[in-house]
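Bear in mind the structure is a predicted one, so any value in this text is a computation, not a measurement.
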Amino acid sequence: QVQLAESGGGLVQAGDSLKLSCAASKVIFISMGWFRQAPGKEREFVGSINYNGVPIYADSVKGRLTISRNNAKRTASLQMNDLKPEDAATYYCAAGRTLGPADAEIAYWGQGIRVIVSS
């Protein structure tokens, strides 16, 4: 069984940057990525990256978010720049064979980490 642990969330001002990290408890070869959910809204796909470092992004992030992966450290990171109030949400790390905007086969979920953006 694989556990995913998120870190790096917090309270920021609009326009600031923030980096989220997700650490897996052991080596995995499936994709790792991020979803987010704001109060009263459905969970939405943000981005993912496969073992070889090929990323997929949701159209809504508009180039402000970058996902990376360090297999030696068993981590995936989400660099968020120019944060907007609409980015405020609980962010969930996930891992699965398929992680994308239209389809997902999720094997593991993190517990979620809160990002608050003050305008």
Euclidean distance, [Y] [atom2] relative to [X] [atom1], rounded to 0.5 Å:
| X | Y | atom1 | atom2 | value |
| --- | --- | --- | --- | --- |
| Leu20 | Cys93 | CG | SG | 9.5 Å |
| Lys41 | Arg36 | NZ | CZ | 7.5 Å |
| Ser68 | Lys19 | OG | NZ | 5.5 Å |
| Asp103 | Glu105 | CG | CD | 6.0 Å |
| Ser119 | Gln13 | OG | CD | 8.0 Å |

Partner residues of Asn81 under the side chain to side chain donor-acceptor pair (under 3.5 Å) criterion, sequence neighbours left out: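 Asn81 satisfies side chain to side chain donor-acceptor pair (under 3.5 Å) with Ser17, Gln79 only.
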
Steps toward side-chain contact (heavy atoms from CB on, under 4.5 Å) verdict (Glu42, Gln37): CA-CA 6 Å; Glu42 296 292 319; Gln37 186 171 28; 5.5 Å; no

ILVMFWY cluster, Tyr91 and Ile106 together (side-chain gap under 4.5 Å):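 Different hydrophobic clusters.
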
In one Ile/Leu/Val/Met/Phe/Trp/Tyr side-chain cluster, 4.5 Å: Ile113, Leu11: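 Each belongs to a different hydrophobic cluster.
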
Note, Phe29 side chain near Asn50 side chain (heavy atom, < 4.5 Å): no

Ser60 side chain near Glu44 side chain, heavy-atom distance below 4.5 Å: yes

Shortest non-hydrogen contact from [X] toward [Y]:
| X | Y | answer |
| --- | --- | --- |
| Leu99 | Ile56 | O-CD1, 3.8 Å |
| Ile67 | Pro55 | CG2-CB, 3.7 Å |
| Arg64 | Leu83 | NH1-CA, 4.1 Å |
| Ile49 | Arg69 | O-NH1, 3.3 Å |
| Tyr51 | Ile28 | CD1-O, 3.5 Å |
| Ala107 | Ile30 | CB-CD1, 4.3 Å |

Check against side-chain contact (heavy atoms from CB on, under 4.5 Å), Leu78 and Leu65: CA-CA 7 Å; Leu78 182 68; Leu65 279 62; 4.0 Å; yes

Within 6.0 Å of CD in Gln111, more than 12 heavy atoms from elsewhere: no

Gln3, CD atom: more than 12 neighbouring heavy atoms under 6.0 Å: no

Thr75 vs Ser21, side-chain contact (heavy atoms from CB on, under 4.5 Å): CA-CA, chis, key distance, verdict: CA-CA 7 Å; Thr75 58; Ser21 294; 5.6 Å; no

Donor-acceptor contact present, side-chain Asn70 to main-chain Lys73, <3.5 Å: yes

Short side-chain to backbone donor-acceptor contact, Glu6 and Cys22, under 3.5 Å: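 A pair under 3.5 Å: no.
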
Centroid-centroid distance, Phe45 to Trp34, less than 6.0 Å: no

With Met80, the side chain to side chain contact (heavy atoms under 4.5 Å, CB included) member among Val46, Val115, Asp87, Val117: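 Passing option: Val115.
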
Ring-face cation of Arg43 near Tyr92 (centre distance under 6.0 Å, axis angle within 45°): yes

